[in-house]
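Everything below concerns the one structure shown next.
In what follows, residues are counted from 1 in the order of the sequence shown.
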Amino acid sequence: NYPKFRTGKVLDVGCAVGHGSVALAETLPDADIYAIDVGAPMLRYAHARAESMGVAVHYAQQSAEHMSYDDNTFDFVVSGATLHELSTAGIRNIIRECRRVLKPGGVMIHIEQPQYEGMDPYDQFMRDWDTFGNNEPFWGTLHDLDLEAIAVAGGFEPGKVSQSMEWG
């Protein structure tokens, strides 16, 4: 989607044990990869794993709602399966913070569970089961949020925000 885009500095938000940040470092060898999470044990494991694989990632314990990075620091901000772990207020705060640390012309991508639009009722029911039966308390509200509107309210330019659902 962005053939001319080049990464320099990348931020993985909510990196957990670092599977995504290591993959980013391996896929983007010329990029400087940073990754944050609130969980210290997760970060210790992520750091040890990356070191054992010979992959350089800068891990830091911090909340994505209040990042310590300067404005306009990153070319690319990404998260993988993170938003459904957050309250609606948390999502709004994190999108606003991602916009703040993203350089002009940068790209933000949040890979997440699909919204319900176009999904058949059975699949909706099965995904709703996760809310109650699989300890996913915020998934139930995420699937109904207008994420494009949240991004615009968080400072992203209308018309430059898009949402897509790809089934692989």
Side-chain angles (χ1 to χ4, degrees), residues 1-87 90-115 127 130 134-136 138-139 142-143 145 147-148 150-151 154-157 160-168:
N1 291 337
Y2 305 95
K4 294 181 180 180
F5 180 72
R6 297 293 173 254
T7 56
K9 213 166 186 180
V10 176
L11 176 63
D12 182 11
V13 175
C15 68
V17 296
H19 291 296
S21 49
V22 165
L24 285 164
E26 291 174 336
T27 304
L28 306 168
D30 295 330
D32 199 10
I33 309 295
Y34 290 75
I36 63 170
D37 201 283
V38 294
M42 304 270 264
L43 290 166
R44 281 193 298 274
Y45 180 87
H47 176 74
R49 182 174 175 270
E51 287 286 312
S52 74
M53 297 172 74
V55 177
V57 177
H58 307 279
Y59 289 101
Q61 183 182 12
Q62 56 181 294
S63 169
E65 291 188 64
H66 307 286
M67 293 185 242
S68 65
Y69 301 113
D70 292 334
D71 295 358
N72 307 317
T73 298
F74 297 98
D75 300 288
F76 183 43
V77 175
V78 63
S79 75
T82 299
L83 297 182
H84 78 272
E85 302 293 351
L86 307 167
S87 68
I91 291 171
R92 292 178 193 284
N93 292 338
I94 288 170
I95 297 299
R96 194 170 25 260
E97 272 293 278
C98 287
R99 176 64 193 99
R100 183 185 68 75
V101 301
L102 192 64
K103 290 179 182 176
V107 174
M108 175 181 77
I109 297 176
H110 296 281
I111 302 163
E112 192 47 77
Q113 296 285 324
Q115 301 299 91
R127 290 191 178 274
D130 279 341
N134 197 29
N135 198 28
E136 294 287 355
F138 298 119
W139 165 235
L142 175 67
H143 73 254
L145 293 178
L147 297 172
E148 289 185 43
I150 289 172
F156 287 89
E157 192 175 324
K160 291 197 173 182
V161 175
S162 66
Q163 180 175 325
S164 68
M165 185 168 71
E166 311 268 335
W167 291 95

Point to revise | 4.5 Å side-chain heavy-atom contact, Trp139 and Asn134 | key: no

Exercise for review: For Ala31 and Val10, work out which heavy atoms get closest and say how close.
Suggested key: CB-CG2, 3.9 Å

**Study point:** Whether over 12 other heavy atoms sit under 6.0 Å from His47 NE2
**Key:** no

Point to revise | Heavy-atom side-chain contact between Leu147 and Leu142 under 4.5 Å | key: yes

Practice item. Check the pair Asp30, Arg6 against side-chain contact (heavy atoms from CB on, under 4.5 Å), reporting the backbone distance first and the verdict last. Key: CA-CA 10 Å; Asp30 295 330; Arg6 297 293 173 254; over 6 Å; no

Practice item. Hey, could you give me the CD1/CG distance between Ile33 and Leu28, rounded to the nearest 0.5 Å? Key: 5.5 Å

Practice item. Return yes if some donor-acceptor pair links the side-chain N/O of Glu85 with the main-chain N/O of Phe138 below 3.5 Å, else return no. Key: no

Practice item. Find out whether His84 and Glu112 are in side-chain contact, i.e. whether some heavy atom of one side chain is under 4.5 Å from a heavy atom of the other. Key: yes

Review point. Any side-chain heavy atom of Met67 sitting closer than 4.5 Å to one from Cys98?
Key: yes

Practice item. Measure the spacing between CD of Glu97 and CG of Asp71 and express it to the nearest 0.5 Å. Key: 8.5 Å

Check your understanding: Just how far is it from atom CD of Glu65 to atom CD1 of Ile91, taken to the nearest 0.5 Å?
Key -> 10.0 Å

Check your understanding: Going through the checks in order, is the side-chain hydrogen bond (donor to acceptor under 3.5 Å, both in side chains) test met by Thr73 and Tyr34?
Key -> CA-CA 11 Å; Thr73 298; Tyr34 290 75; over 6 Å; no

Exercise for review: Examine distances only and state if a side-chain atom of Arg100 and a backbone atom of Tyr69 form a donor-acceptor pair shorter than 3.5 Å.
Suggested key: yes

Exercise for review: Check whether any side-chain heavy atom of Leu43 sits under 4.5 Å from a side-chain heavy atom of Cys15, and report yes or no.
Suggested key: yes

Point to revise | Inter-residue atom distance Ile94.CD1 - His66.NE2, 0.5 Å rounding | key: 9.0 Å

**Study point:** Side chains of Phe76 and Ile109 in contact at under 4.5 Å (non-hydrogen atoms)
**Key:** yes

Revision key, fill the gap. Taking every heavy atom of Val161 against every heavy atom of Glu148, the minimum-distance pair comes out as O-OE1, 3.7 Å

Practice item. Would you give the length of the straight line joining atom NZ of Lys103 to atom NZ of Lys9, rounded to the nearest 0.5 angstrom? Key: 7.0 Å

Exercise for review: Keeping the roles fixed (side chain from Asp32, backbone from Gly8), state whether a donor-acceptor pair exists under 3.5 Å.
Suggested key: no

**Study point:** Donor-acceptor under 3.5 Å (Gln61 side chain, Val38 main chain)
**Key:** yes

